[in-house]
Amino acid sequence: MENTHPLLPRILDFAQSLILQTLKSGEMAIDATLGNGHDAHFLYRIVGETGFLWGFDVQARAVNLSTEKIQGSFPEAENYVFFLESHTKMLEKLGDDFLGKVGAIMFNLGYLPGSDKTIITLAEKTLKALEQAILLLRRGGILTVVVYPGHNGGEIESQSVEHFLATLPTEKGEVIRYQFLNKQKKPPYLLAFLKS
């Protein structure tokens, strides 16, 4: 169980706090792994009616859940598109016109809670998507990645993602890791990139 002490926010809460300090109303954002729709809903609340939100997931259930969440809270919303596609298709779907223009991109890796646990994000595809995400981010934009090393395949993906971000040239931006170190098993942790 994650720590809930107010001085040490939960992993997802800390990711959101970083985005709240960076993403502004009217900007563009991407939920790279729609999942149950919580991140998409959070991002849409910030960008509002004058911004735009894209989302990606390979499972129809995730796209449907995310759509229902947005429509349930914002029934008039039309400024979002959710793709039943891998996050490796971000650049293909958005196009070069959006390079350097997206304010925030969220990744929540692993598998869709309550669904088939064998359908997971994979290191090779996630790294390809992260490369595209960095190109799409504006200067001062934020990329958050919550990794889950505790499930099958999660350790390899976590290490790969961390290595990729940790070895980015400092002139491209700054990378942090937020993690609870004395938890049992292998708890999730956050990696974040702030683009220079």
- [ ] Would you sort out whether M90 and I30 count as a side chain to side chain contact (heavy atoms under 4.5 Å, CB included), showing the intermediate values?
- [x] CA-CA 9 Å; M90 275 192 283; I30 299 172; 3.8 Å; yes

Could you go through L190 and T144, starting from their C-alpha distance and side-chain angles, then the distance that decides it, and tell me whether this counts as side chain to side chain contact (heavy atoms under 4.5 Å, CB included)? CA-CA 7 Å; L190 172 69; T144 64; 3.9 Å; yes

_Does L99 form a side chain to side chain contact (heavy atoms under 4.5 Å, CB included) with L136? I'd like the steps, not just the answer._
CA-CA 4 Å; L99 291 172; L136 288 163; 4.3 Å; yes

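Smallest separation of non-hydrogen atoms from A77 and I70: CB-CG2, 4.1 Å. Minimum heavy-atom separation, H41 to F74: NE2-CE1, 3.8 Å. Of all the heavy atoms in G48 and N79, the pair that sits closest is O-ND2, 2.7 Å. Between Q132 and T88, the closest heavy-atom pair is NE2-O, 2.8 Å. Listed here is the closest heavy atom pair of K195 and L137: NZ-O, 2.8 Å. Smallest separation of non-hydrogen atoms from L34 and S66: CB-OG, 3.4 Å.
The NZ atom of K89 sits 6.5 Å away from atom NZ of K128, with the distance rounded to the nearest 0.5 Å. The structure places CE of M106 at 5.5 Å from CG of L43, a figure rounded to the nearest 0.5 Å. Rounding to the nearest 0.5 Å gives a distance of 11.0 Å between OG of S86 and NZ of K93. Summarising the geometry, atom CG belonging to D39 is positioned 6.5 Å from atom CD belonging to Q16; distances are rounded to the nearest 0.5 Å.
Between the side chain of D57 and the backbone N or O of V63, no donor-acceptor pair lies under 3.5 Å. Not a single donor-acceptor pair under 3.5 Å links the side chain of E174 to the backbone N or O of T170. No side-chain donor-acceptor contact under 3.5 Å links D13 to the backbone of P9. Judged purely by atom type and a 3.5 angstrom limit, S17 uses its side chain to pair as donor or acceptor with the backbone of F14. T33 contributes a side-chain N or O that, together with a main-chain N or O of N108, makes up a donor-acceptor pair within less than 3.5 Å. Between the side chain of D31 and the backbone N or O of G55, no donor-acceptor pair lies under 3.5 Å.
Taking Q159 as the reference, E155 meet the side-chain hydrogen bond (donor to acceptor under 3.5 Å, both in side chains) condition, with sequence neighbours excluded.
Residues I134 and L168 are in side-chain contact: their nearest non-hydrogen atoms beyond the backbone lie under 4.5 Å apart. Inter-residue side-chain proximity for T121 and E157 is flagged as met; some heavy-atom pair is nearer than 4.5 Å. Within the 4.5 Å cutoff, the side chain of L130 has heavy atoms near those of the V145 side chain. Between R61 and L65, the closest side-chain pair of non-hydrogen atoms falls below 4.5 Å. In this structure, the side chains of W54 and F98 come closer than 4.5 Å at one or more pairs of heavy atoms. Looking only at side-chain heavy atoms (C-beta outward), T22 and R138 come within less than 4.5 Å of each other. Residues I105 and V102 meet the side-chain proximity criterion, which asks for heavy atoms closer than 4.5 Å. Within the 4.5 Å cutoff, side-chain heavy atoms of T50 are placed close to those of S25.
Under 3.5 Å, the side chains of Y189 and E162 contain a donor-acceptor pair of N or O atoms.
Note on ring orientation: taking the six-membered ring where Trp is involved, the planes of Y178 and F180 are perpendicular (angle over 60°, cut-offs 30° and 60°).
For the side chain to side chain contact (heavy atoms under 4.5 Å, CB included) test with I176, the passing option among L18, L194, L191 is L18; the others fail. With F56 as the fixed residue, the ring pair (Phe, Tyr, Trp, His ring centres under 6.0 Å) test singles out one of F82, F107, F83: F83.
Enclosure of atom CD in E124 is not indicated, since only 12 or fewer non-hydrogen atoms of other residues, nucleotides or ligands lie within 6.0 angstrom.
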